[in-house]
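As C-alpha cells, the structure follows; a few thoughts come after it.
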Amino acid sequence: MSASELRILENSEELAREAADFILWTGEQAITSAGTFRLALSGGSTPKALYALLAGPGCATRLDWRRVAVFFGDERCVPPDHADSNFRMANETLIKPLKIPQDRIFRMHGEDEPDQAARRYEESLRKEFGAPAPAWPRFDLILLGLGDDGHTASLFPDTPALSEQKRLVVQNQAPQGAKQRLTFTVPLINQAQTVVFLVSGKSKAPALKAVLEDRTADSRKFPAKLIQPEKGRLIWFLDHAAAAELTVEKQRVVTHEE
Ligand code: 6PG
C-alpha cells in the first residue's frame, strides 16, 4: 500500500489545471503501454471545471480520446437527462464536446431497478476488462470527490455498501438529495492503478483533516479513509481552502511526472 501523495494548489482554477495535466499524462502512458486508457469519472460539482478544461482547446488534442474508455464511479438512480445525473454532467462538459464514441462510454443505468443496474454494470466491467470473477478489473485511473461528511463515490457513512468485499458495483443510499445510488465498492476502487481525489473549498477542510490526519477518525464515519489502493498510487489534488486544516507542509507542486 503506497502512501498518499498530496498536491496543494493555490485555487480551484489551478487545481483543475494540474489535475487535467496529470490525467492527460496518465492517459498517454496507458495508451502507449496498453493501447487504451480506462478512466472512471466522479460526479458532483467539483470536477465540472476539470472536465471543461479537458474538453477545451488546450487539452483536447493532447490525448487520443478514441482510445479512452469512460466509466462512472457512481451514479444517482435517475434518468440520464435528469439534473442530478452524473452522466448528464459529464456528457455535457466532456463527452459531447470531445465527441467520444458512444461505444467507449459505459454509463451506469440510473433509470433501471438499482440492484439489476448494479449487477449489469458489474457484468459490463468484467467483459470490458476481460476479468471474469473472481478477478478484479484494474482501472488505470479512478477519479473521486470528497463530500463534506467524508463520503466518496456513493459510499456514505454507516451504509451497507461500506462492507461489500465481493461485488464490484452495488446500490446504496444517500442521506439526502437523490437517495438511491449506484457505486463502485471499496475493493474495486482499491485495485486501481491510480486513484485521484479532487477536493476544493473550505467546506471540505474538516472532513479532509479527519480522513488524512486523524488516526482516531472511524472509517465508517469517514468512508474516504477506506480508499487505500493495494498496489496503486493515491494522489490528493487539493486547493488551499480545502487543505486549510492540514498540518502537512505545503508540498511543491509537481506539474509533470518524473
Ligand atoms: C456524487 C459524487 C460524490 C461527490 C462528492 C463531492 O455522485 O455526488 O460522486 O462522491 O464526488 O459528493 O461532491 P461535490 O464535488 O459536489 O462537492
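Atoms within each ligand, like the ligands themselves, are counted from 1 in listed order. Just the heavy atoms: all of them, side chains too, but no hydrogens, waters or symmetry mates, feed the values below.
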E128/R104 ion pair, N-O < 4.0 Å: yes
Lys/Arg-Asp/Glu bridge criterion (N-O < 4.0 Å) met for R119, D112: no
Nearest protein heavy atom with distance in Å, relative to atom 8 (O) of ligand 1: R76 NH2, 2.7 Å
Atom 12 (O) of ligand 1: the protein heavy-atom neighbour that sits closest, reported with distance to 0.1 Å: H151 NE2, 2.8 Å
Sub-4.0 Å atoms of ligand 1 with respect to non-hydrogen atoms of N86: 1 (C), 7 (O)
Close-contact set for ligand 1 against K204 heavy atoms, below 4.0 Å: 6 (C), 14 (P), 17 (O)
Any E75 heavy atom less than 4.0 Å from ligand 1: no
Closest protein heavy atom (residue, atom, distance) for atom 6 (C) of ligand 1: L146 O, 3.5 Å
Region of D148 that comes within reach of ligand 1 [heavy atoms, distance under 4.0 Å]: neither
Protein heavy-atom partner closest to atom 13 (O) of ligand 1 - residue, atom, separation in Å: G44 CA, 3.9 Å
Heavy-atom nearest neighbour of atom 3 (C) of ligand 1 within options A153, A224, P47: A153
Derivation of the ring-ring contact (aromatic ring centres under 6.0 Å, His included) call for F139 and F129: CA-CA 9 Å; F139 279 87; F129 282 79; 4.7 Å; yes
Residues D21, R17: salt bridge by 4.0 Å N-O rule: no
Protein residue, atom and distance nearest to atom 9 (O) of ligand 1, heavy-atom basis: D74 OD1, 2.7 Å
Residue of the set D74, N172, T183 for which side chain to side chain donor-acceptor pair (under 3.5 Å) holds with S154: D74
Partner of I227 by side chain to side chain contact (heavy atoms under 4.5 Å, CB included), out of I142, V195, V211: V195
Numbered atoms and elements of ligand 1 in range of G145, under 4.0 angstrom, heavy atoms: 11 (O)
Atom NZ of K127: over 12 foreign heavy atoms under 6.0 Å: no
T46 and ligand 1 - part of the residue with a heavy-atom distance under 4.0 Å: both
Side chain to side chain contact (heavy atoms under 4.5 Å, CB included) partner of F237, the single match among L15, I23, L143: L15
Region of S45 engaging ligand 1 - heavy atom pairs below 4.0 Å: both
Close side-chain approach of R220 and S163, heavy atoms under 4.5 Å: yes
